[in-house]
Protein chains: 2
Amino acid sequence: MTDKTKKYDKLSSNMEDYLETVIVLKQKDGVVRAKDISELMNVTKASVSCALKTLSRKGFVLHEKYGHVDFTPKGEELANKIKKRHDMLTKFLKNILGLDNKLSEKDACKIEHALSTKTSKRLAKFVEFVQSSETPEWLKGFNFYIKTGKRSECKYKRKK
Amino acid sequence: MTDKTKKYDKLSSNMEDYLETVIVLKQKDGVVRAKDISELMNVTKASVSCALKTLSRKGFVLHEKYGHVDFTPKGEELANKIKKRHDMLTKFLKNILGLDNKLSEKDACKIEHALSTKTSKRLAKFVEFVQSSETPEWLKGFNFYIKTGKRSECKYKRKK
DNA sequence: AATCTAAGTTAGTCGAGTTTAACATGTTTC
DNA sequence: GAAACATGTTAAACTCGACTAACTTAGATT
């Protein structure tokens with residue numbers, strides 16, 4: 001793989017967002033049109049057209065003029081990674097921090113682009129660790145603390 | 001307070017970064033010069049000059065030509081909030097996720113701007129809840145899991 | 001098949017934030 | 001106090017991603 005190829009494998013937050021929207025639409029509808037992207041992202045058709053040109057030039061999507069949008073293998077792989085990261089982050093916000101659905105979704109959309117690979121992986125392990133079986137006692141304790149402002153009684157003595 | 005005043009109280013991520021750098025330098029050196037900002041942020045002096053003009057116009061800093069930089073009360077208040085949020089996030093990454101110092105710092109810098117007020121507050125409660133006394137057993141368990149890939153034995157039976 | 005409408009594209013503009021290069025000011029040192 | 005050097009500012013250009021407005025194409029309707 002040449003340096004040149006490598007260089008095109010990083011995308012801006014905005015381009016990541018477009019890619020993510022494409023995979024969401026593809027999974028939902030099977031087929032992806034610019035119109036749907038523009039509606040889902042609340043941007044104009046012109047912006048979508050422009051973004052698709054960029055993603056196409058960089059080798060993430062296939063997009064002939066006036067045609068449907070599809071992934072290249074590279075694009076699909078990246079889109080999947082992005083989506084997974086998004087879902088993991090949403091889980092963290094919702095199931096661990098206990099934020100509501102809407103906010104979890106919305107904040108995940110913003111935060112996801114800021115996570116380094118390492119941090120993303122570590123957080124994924126954290127979520128997995130916490131959610132691997134039934135809700136742990138301490139998390140119930142945290143929920144209680146959020147609701148009431150009080151710490152629920154604990155079986156263990158605390159120093160101080 | 002007029003609408004007009006209110007409107008100026010939101011800053012872009014970039015401007016938040018400048019403000020944060022100013023408070024860091026002020027706490028470190030007592031006095032803030034454009035040069036130091038430019039070094040700490042790795043941008044040119046020209047960029048700093050431009051940013052200070054913006055922050056000054058919006059009423060967050062006081063900055064006379066060729067002079068030192070200081071906060072307005074409004075600017076100081078916001079800078080403090082930003083710094084607190086940053087420190088809280090760093091704590092989370094470092095002390096709970098167990099990431100190393102450098103990465104925690106670096107990722108906090110990026111993530112902090114993406115947190116909504118509500119999420120930021122909730123995360124702060126989470127950090128406070130977890131760190132209010134000695135390291136809880138479950139967190140030790142997580143650290144063990146990160147290191148070894150194995151879950152340490154647990155006193156409680158798990159359903160499956 | 002001609003037309004109408006929905007969808008997509010292009011061209012030009014804007015704003016934020018960056019850069020380089022040239023210029024201005026302040027400070028130190030002799 | 002003048003020269004030299006460090007620091008700060010300005011101007012012009014660039015990138016990115018958004019927008020509007022005008023245009024083109026594809027598909028549905030008749």
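Chain identifiers are assigned alphabetically (A, B, ...) following the order of the sequence lines, protein sequences preceding nucleic acid strands; residue numbering begins at 1 within each chain.
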Q.
Side chain of B:Lys45, heavy atoms from C-beta onward: which of D:dT9, C:dT19, D:dC19 has the nearest atom to it?
A. D:dT9
Q: Determine the contact category for B:Ala34: base if any of its heavy atoms lies under 4.0 Å from a base atom, sugar-phosphate if only primed atoms, P, OP1 or OP2 are that close, otherwise nothing.
A: sugar-phosphate
Q) Between A:Glu64 (CD) and D:dA26 (C1'), how many Å, whole number? A) 14 Å
Q: Look at B:Ser47 and C:dG17 and indicate whether a side-chain polar atom (N or O) is within less than 4.0 Å of OP1 or OP2.
A: no
Q: Under 4.0 Å between any heavy atoms, over every strand shown, what does B:Val43 touch: base, sugar-phosphate, or nothing? Just pick one.
A: sugar-phosphate
Q) Counting side-chain heavy atoms from C-beta on, which of C:dT9, C:dT18, D:dT9 comes nearest to B:His63? A) D:dT9
(Q) Of the listed nucleotides (D:dG8, D:dT10, C:dG8), which one gets closest to any side-chain atom of A:Lys35? (A) C:dG8
Q.
Quick check against the 3.5 Å criterion: does A:Lys74 have a side-chain atom that pairs as donor or acceptor with the backbone of A:Lys58?
A. yes
Q) Once you round it to whole Å, what is the distance between P of D:dT15 and CZ of A:Arg57? A) 11 Å
Q: Ignoring backbone atoms, establish whether A:Asn14 has a side-chain N or O less than 4.0 Å from OP1 or OP2 of D:dA18.
A: yes
Q.
Could you tell me if B:Asp17 and B:His113 have a donor-acceptor pair between their side chains, going purely by distance under 3.5 Å?
A. yes
Q. Could you give the OH-to-P distance, from B:Tyr18 to D:dG8, as a whole number of Å?
A. 14 Å
Q) Between atom CD1 in B:Ile37 and atom P in C:dG17, what is the gap in whole Å? A) 15 Å
Q.
Using a heavy-atom cut-off of 4.0 Å across all strands, would you classify A:Cys50 as base, sugar-phosphate, or nothing?
A. nothing
Q. Starting at the 5' end of DNA chain C and moving along, which residue's nearest nucleotide shows up first, A:Gly67 or B:Ser13?
A. A:Gly67
Q) Nearest of C:dG17, C:dT19, C:dT9 to any side-chain atom of A:Lys65? A) C:dT9
Q | Whole angstrom value for the distance that separates P of C:dT18 from NZ of B:Lys53 | A | 14 Å
**Q.** Presence of B:Thr44 side-chain N/O under 4.0 Å of C:dT19 phosphate oxygens OP1/OP2
**A.** yes
Q) Taking side chain as C-beta onward, heavy atoms only, is B:Leu19 less than 4.5 Å from B:Lys83? A) no
Q) Mapping A:Tyr66 and A:Thr54 onto DNA chain D by nearest heavy atom, which one lands closer to the 5' end? A) A:Thr54
Q) Quick one: A:Arg33 CZ to C:dA6 C1', roughly how many Å, whole number? A) 10 Å
Q) Would A:Lys125 and A:Glu128 pass as an ion pair if we require N to O under 4.0 Å? A) no
Q: Measure from CE on A:Met41 to C1' on D:dA18 and round the result to the nearest Å.
A: 11 Å
Q.
Within 45 degrees of the ring normal and closer than 6.0 Å to the centroid, is that where the cationic atom of A:Lys150 sits relative to A:Tyr145?
A. no
Q: Can you tell me the distance, in whole Å, between the CG atom of A:Leu52 and the C1' atom of C:dG8?
A: 10 Å
